[in-house]
Amino acid sequence: MTIHNSEIAAAFYKLANLLGIEGANPFRVRAYRNAARIIEGLTKSVAELITQGENLTDLPGIGNDLAKKITVLVETGKFPLLKETETRIPPVLNELLKIEGLGPARVKLLYKKLKIKNINDLKTAIEKGRVRKLARFGEKIEKKILQGILHREQYVTRAKLVDTISTVTALTHYIKNIKGVEKVECAGSFRRHKETVGDLDMVVAGSLGKKIIDHFIQFEEISEVISHGSTRSTVRLRSGMQVDLRVVPKKSYGAALLYFTGSKDHNIALRKIAVRKKLKMNEYGMFKYKKQLAGNTEEEMYRQIGLPYIEPELRENRGEIEAAQQDKLPKLITLNDMRGDLHCHTTATDGAAQLETMAKIAEEYGYEYLAITDHSKHLTIAHGLNKKTLWQQIKQIDKLNHQLKKIIILKSIEVDILENGSFDLPPDILKELDLRICSIHSNFHLSSEEQTNRIKRAMDNPLFNILAHPTGRLINRREPYTFNIEQVMHAAKERGCILELNAQPDRLDLNDLYCKAAKEIGVKIAISSDAHSTNQFAYMHYGIFQARRGWLTKNDVINTQPLSNLKKLLKR
DNA sequence: ACCTCCGCAGGTAAGCAGCTGCCGCTGCT
């Protein structure tokens, strides 16, 4: 069995933690942690790289020493340094670091002074009043740790973006009405429109911070106030979501918004530029010595370091800063660019609305076309269409198109790709359709090679147009199936096939990174709602968010085009 | 431990708030 990158990373994280508790050279600790992060983020397997004779020291942050340790680990499964460290520092202490309020220094104290090794020991010690007697442990920290223990399992997963909207709306409304508040916005990953959100970062412009915060902590959905000072406060909502509130003067609002929107990596990259220009950059503004040069708006902050405004969705340090420097930022797609939807279902299969209703609502959206893509017969969860029922739907659409004025209904289907790469409906009926979207709903557990070949074989069929929800993942619920997506993208490019960005908020499939990869390879994307009811047409919104995170412009997406162009783009 | 236009030397992102307890730890982007 070859070792996975995640396992290598886990070993190095563990080593870094244990050495951190021991109090080793912090830069050495950081080096191990960096290495873990790098390995975790690689798309290629380290074990494979070694087999291919690649030099691991080419990876950033991996020098001779680490390369050697990694190679030994991969080839022998042994990690002598970790083993040796574990004889001095019990590996279970690793767990204690996960509790909020506990870092390496406090864990060391707990272990050395009270022999606390695990969460149970810690709980008992707190109950017996031993912990508060230690230096650096006060009443508030103790309470925070106790809460951390109670909640440690509960809040591990990040919320889906869609599930945070109503909370953010309510919070924003509440804060806006507090006296002294001039502006408020939810920053962080919410503002970057990431598919999941860890916590909510509320940035407020206003004077009298203390009063604003005193009022804020009265918000009725708050279950627990974790901290509250005069400029910041952290609370937990009943839903378990953590909210950080930060109050700054109006002249610092843009700087604070920039800072708290992140990402962290984007901020670091910006600050490096600022430092090179002998400027100081923080959440209060851009400073030359003591003089504030910018801070009121984000635009101003970027301008001071010689950059154009960068949209929040791009702020991940994935090349946006270099692009900004060369004035090559993409003009990101917007909801307004969309001229139609290419994936939806009706009562003919698992949808909630009739064909006519779906068409009418799509027309109200201002769409020029709508593809009706009910499931084919193979799918067991729905009564899929067979040759006969699909033929009936085709006739029904022809009739409907005579009545509709502003929108054209495209005849289509979501056809199942079977295990051998064939479709579950014969070509004679499939070729009667305007387009076909193709997807996998079975045999998720094929080997990577088999799965890749299955999709490529399906794409060999000239009737294949769009690969729907290409990776099959469900956010927080199901991993993507194993296959070589890069190969599939190249195959799609060669054959003139399109990849879908499915806008269902729990799919968002392709994800942001794959959208960017597809764009770089030159594969076109269709952003589709996969609506199962009329109100789900609105999910297009989330698809656009993800597309923007994937650097997509109007021209990268086929359903931004008028029907005549769309037809050309679909032609193989 | 890694990286640096060299690397024997020196920096490693940066700065702030809150808590604790008057320096340092932790968390945050």
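All heavy atoms count here, side chains included; hydrogens, waters and symmetry mates do not. Labels below follow one simple rule: chain letters A, B, ... track the order of the sequence lines, proteins then strands, and each chain is numbered from 1.
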The side chain of [X] is closest to which nucleotide in this list: [options]?
X	options	result
R246(A)	dG18(B), dC16(B), dA1(B)	dC16(B)
D244(A)	dC16(B), dA17(B), dC28(B)	dC28(B)
K280(A)	dA1(B), dC28(B), dG15(B)	dG15(B)
Y32(A)	dA1(B), dG15(B), dG18(B)	dA1(B)
Y284(A)	dA17(B), dA14(B), dA1(B)	dA17(B)

Taking atom types as modelled, find out whether [X] and [Y] have a side-chain donor-acceptor pair closer than 3.5 angstrom.
X	Y	answer
N55(A)	T57(A)	yes
T553(A)	D556(A)	yes
R271(A)	N282(A)	no

Checklist entry - Nucleotide by nucleotide, 5' to 3', does protein get under 4.0 Å of the base (B), only the sugar-phosphate (S), or neither (-) in nucleotides 20-26 of chain B, counting heavy atoms? => result SS--SSS
Checklist entry - Is it true that a side-chain atom of Q292(A) and a backbone atom of K251(A) form a donor plus acceptor pair closer than 3.5 Å? => result yes
Rounded distance in Å - [atom1] ([X]) to [atom2] ([N]):
X	N	atom1	atom2	value
E283(A)	dA17(B)	CD	P	7 Å
R33(A)	dA13(B)	CZ	P	13 Å
N64(A)	dC3(B)	CG	C1'	12 Å
R192(A)	dT29(B)	CZ	P	9 Å
I268(A)	dG11(B)	CD1	C1'	15 Å
I70(A)	dA1(B)	CD1	P	13 Å

Checklist entry - With ring centroids as reference points, do Y284(A) and Y259(A) lie under 6.0 angstrom apart? => result no
Next on the checklist: Any N or O donor-acceptor pair under 3.5 Å from the base of dA14(B) to the side chain of R271(A)?
Outcome noted: yes
Item to check | Reference residue D512(A); test side chain to side chain donor-acceptor pair (under 3.5 Å); the match among R318(A), Q546(A), R548(A), H193(A) | outcome: R318(A)
Using atom [atom1] of each nucleotide, how far apart are [N] and [M] to the nearest Å?
N	M	atom1	answer
dC5(B)	dG11(B)	P	15 Å
dA13(B)	dC23(B)	P	27 Å
dT12(B)	dG18(B)	C1'	26 Å
dT20(B)	dG10(B)	P	39 Å
dC8(B)	dC3(B)	P	15 Å
dG21(B)	dG15(B)	C1'	22 Å

Checklist entry - When you look at K143(A) and E224(A), which way does the side-chain contact (heavy atoms from CB on, under 4.5 Å) test go after all the steps? => result CA-CA 11 Å; K143(A) 197 177 147 221; E224(A) 179 192 333; 5.7 Å; no
Item to check | From CA spacing to verdict: salt bridge (charged side-chain N to carboxylate O under 4.0 Å, His left out), E298(A), R191(A) | outcome: CA-CA 13 Å; E298(A) 288 186 321; R191(A) 183 160 176 252; 2.8 Å; yes
Item to check | Watson-Crick or G-U wobble mate for dC2(B), both contacts under 3.5 Å | outcome: dG11(B)
Checklist outcome for this item: For dT20(B), the nucleotide meeting Watson-Crick or G-U wobble distances (both under 3.5 Å) is none
Answer with base, sugar-phosphate or nothing: what part of the nucleic acid does [X] contact at a heavy-atom distance below 4.0 Å?
X	answer
L66(A)	sugar-phosphate
T234(A)	nothing
P60(A)	sugar-phosphate
D199(A)	sugar-phosphate
D265(A)	nothing

Checklist entry - Between K516(A) and E316(A), is the closest basic N to carboxylate O distance under 4.0 Å? => result no
Checklist outcome for this item: Between I21(A) and the options L110(A), N94(A), L93(A), the side chain to side chain contact (heavy atoms under 4.5 Å, CB included) test singles out L93(A)
Next on the checklist: For V235(A) and F219(A): C-alpha separation, side-chain torsions, deciding distance, then whether side-chain contact (heavy atoms from CB on, under 4.5 Å) applies.
Outcome noted: CA-CA 10 Å; V235(A) 302; F219(A) 183 60; over 6 Å; no
Checklist entry - Parallel, tilted or perpendicular: which describes the rings of Y309(A) and Y302(A), with under 30° parallel and over 60° perpendicular? => result perpendicular
Checklist entry - Is the distance from OP1 or OP2 of dG18(B) to the nearest side-chain N or O of T231(A) less than 4.0 Å? => result yes
Checklist entry - Is any side-chain N or O of Q242(A) closer than 4.0 Å to OP1 or OP2 of dG27(B)? => result no
Item to check | Whether F260(A) stacks on the six-membered ring of dT29(B) base, 5.5 Å and 30° limits | outcome: no
Checklist outcome for this item: Numerically ordered, the residues 306-318 of chain A set in heavy-atom contact under 4.0 Å with DNA chain B is none
Next on the checklist: On DNA chain B, compare the nucleotides closest to K272(A) and N282(A); which residue's is nearer the 5' end?
Outcome noted: K272(A)
